[in-house]
Amino acid sequence: MRKLSLVRNIPLLIGGSFILLLLLGSILYGLFSDPQEPQKVLLDENNRAIALAPFPPSPKFPLGSDLDGNNFLLKILEGAKFTIGLSILIAFFRMVISFVGGYVLYLLPSYFRRILDGLANALHYAPVTIFTYVLIAPVILSFSWSYDTVTKIVFPVLVLIFVSVPVLSLYIQNELHLIAKREFIESAKVMGGSRLQIFRKHMAPFLYPKLFVVFIQQVGQVLIVFAHLGLLNVFIGGSDVRILEYDYDTGEATIAVFSMSNEWAGLIGQNFQYVSSFPWMVLAPVTAFALTILAVNCVVYGLTNRYTYRRRRKRTRESFTHHVIGEDSFQMKS
């Protein structure tokens with residue numbers, strides 16, 4: 001019955017299918033497709049130039065093209081595995097580390113937990129994007145020449161993981177504290193169960209469903225932070241800083257930051273200067289972000305409201321049964 005209810009959960013089915021198909025399509029495209037040569041000039045039947053890149057949306061370029069003539073639809077598809085994959089990876093390690101941290105905090109004395117609760121309330125209002133930008137920008141932008149590619153990818157991911165661990169750890173600790181007040185936990189303690197046994201057998205089954213919902217929510221939050229950092233020219237999937245022009249008289253250099261993986265935040269940041277001239281170059285990755293975050297919210301809504309759907313179906317069946325099989329449906333024969 002539980003599997004059947006999940007299949008009938010329309011928001012969960014739509015959101016999960018969209019994310020899964022997009023992620024699998026991006027992985028398969030990267031594995032089996034041959035890289036296409038960019039088309040900077042669009043020719044007609046007589047091989048005469050009729051347009052120069054970037055091309056607006058058309059049947060040949062559904063989402064338009066970039067300055068080099070690359071199909072933006074294929075760039076979005078290629079960058080999906082990095083954007084969605086990194087967000088899932090970051091959210092997963094957030095939950096794993098926070099789970100351990102929350103259990104350790106749960107074992108601490110109550111007065112120490114009250115102090116940490118006050119700190120957690122302050123962290124709830126802290127701008128995550130500003131914190132991550134201050135920590136990541138020196139590696140990605142200011143001193144990028146002194147770090148290798150692996151550091152430029154791994155360090156931002158670690159920052160995004162640990163920046164939310166304190167708040168999530170305290171959330172898990174509070175959930176464990178609420179579960180510990182239930183009567184069956186007290187009964188398990190009276191029966192002589194150890195802390196580890198009580199946690200594994202009695203507390204964890206109540207905690208895991210909530211943690212799974214929080215994990216899905218964290219995926220959406222990481223995607224939002226990706227988009228914000230992209231506007232600040234901080235690309236999580238790897239960035240390449242190039243010198244476009246250098247003035248020997250003043251010693252000033254004009255630099256530009258490019259995404260190394262075509263992840264969506266990088267596409268937004270590196271093309272944001274063309275939003276007025278070629279708006280599709282920004283609207284395409286923004287739309288991809290919006291649809292993916294909407295799909296994540298659909299999954300969360302489906303998980304948190306599946307009992308509502310179950311009650312609705314039960315009421316529908318009861319009313320249908322009452323309508324079809326009533327007292328008037330039976331007649332006594334003499």
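- The shortest distance between side-chain heavy atoms of M203 and Y103 does not fall below 4.5 Å.
- Nearest heavy atom pair, residue Q270 against residue Y274, reads O-CE1, 4.2 Å.
- Expressed to the nearest 0.5 Å, how far CG of L23 lies from CG of L77 amounts to 10.5 Å.
- In this structure, the side chain of S87 does not engage the main chain of V222 through any donor-acceptor pair within 3.5 Å.
- Nearest heavy-atom pair across L13 and S17 is O-OG, 2.6 Å.
- Residues L303 and P209 have side chains not in contact (no heavy-atom distance under 4.5 Å, counting atoms from C-beta outward).
- For the atom pair CD1 (I10) and OH (Y301), the distance works out to 12.0 Å, reported to the nearest 0.5 Å.
- Residue pairs meeting the salt bridge (Lys or Arg N to Asp or Glu O under 4.0 Å) criterion with at least one member in residues 284-301, sequence neighbours excluded, do not occur.
- The minimum heavy-atom distance linking E263 with F235 is given by the pair OE2-CB, 3.3 Å.
- When each of L86, V225, T83 is tested with I236 by the rule side chain to side chain contact (heavy atoms under 4.5 Å, CB included), just one qualifies, namely L86.
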>> Go through it in stages, so that I can follow the logic: the residues are R94 and V163, the test is side chain to side chain contact (heavy atoms under 4.5 Å, CB included), and I'd like the CA-CA distance, side-chain angles, deciding distance and then a yes or no.
In response: CA-CA 9 Å; R94 278 184 178 182; V163 73; 3.9 Å; yes
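- Within the 4.5 Å cutoff, no side-chain heavy atoms of L74 are placed close to those of E78.
- L67 places a side-chain heavy atom less than 4.5 Å from the side chain of P54.
- Residues I161 and V157 have side chains in contact (heavy-atom distance under 4.5 Å, counting atoms from C-beta outward).
- Distance OG/S26 to CG/L31: 9.5 Å, rounded to 0.5 Å.
- Using a 4.5 Å cut-off on side-chain heavy atoms (C-beta onward), F278 and N271 make no contact.
- The aromatic rings of W264 and F289 lie perpendicular to each other, with more than 60° between the two planes, well past the 30° mark.
- The two residues P62 and P57 come nearest to each other via the heavy atoms O-CB, 3.5 Å.
- In this structure, I130 is not a member of the same hydrophobic cluster as L229, with clusters built from ILVMFWY side-chain heavy atoms closer than 4.5 Å.
- When every heavy atom of A295 is checked against every heavy atom of F18, the shortest pair comes out as CB-CD2, 3.6 Å.
- Cluster annotation: L294 is not connected to L12 through the hydrophobic network of ILVMFWY side chains, with a link wherever side-chain heavy atoms come within less than 4.5 Å.
- For the atom pair S261 OG and K75 NZ, the distance stands at 10.0 Å (nearest 0.5 Å).
- Annotation: the span from F61 atom CZ to D66 atom CG amounts to 9.5 Å, rounded to 0.5 Å.
- Between I14 and C298 the shortest side-chain heavy-atom distance does not fall below 4.5 Å.
- Taking all atoms of both residues into account, the shortest heavy-atom contact from D68 to A53 is C-CB, 4.2 Å.
- You'll find the side chain of L105 reaches within 4.5 Å of the side chain of L108, heavy atoms only.
- Note on V134 and F131: separate hydrophobic clusters, where clusters join Ile, Leu, Val, Met, Phe, Trp and Tyr whose side-chain heavy atoms are under 4.5 Å apart, directly or indirectly.
- Here L211 contributes atom CG and Q218 contributes atom CD; the two are 11.0 Å apart, rounded to the nearest 0.5 Å.
- Hydrophobic clustering (side-chain heavy atoms under 4.5 Å, transitive across Ile, Leu, Val, Met, Phe, Trp, Tyr) keeps V104 apart from L170.
- Follow the hydrophobic side-chain contacts under 4.5 Å out from L21 and you never reach F32; the two are in separate clusters.
- More than 12 non-hydrogen atoms from other residues, nucleotides or ligands lie less than 6.0 angstrom from CZ of F99.
- More than 12 heavy-atom neighbours from other residues, nucleotides or ligands sit within 6.0 angstrom of OH on Y29.
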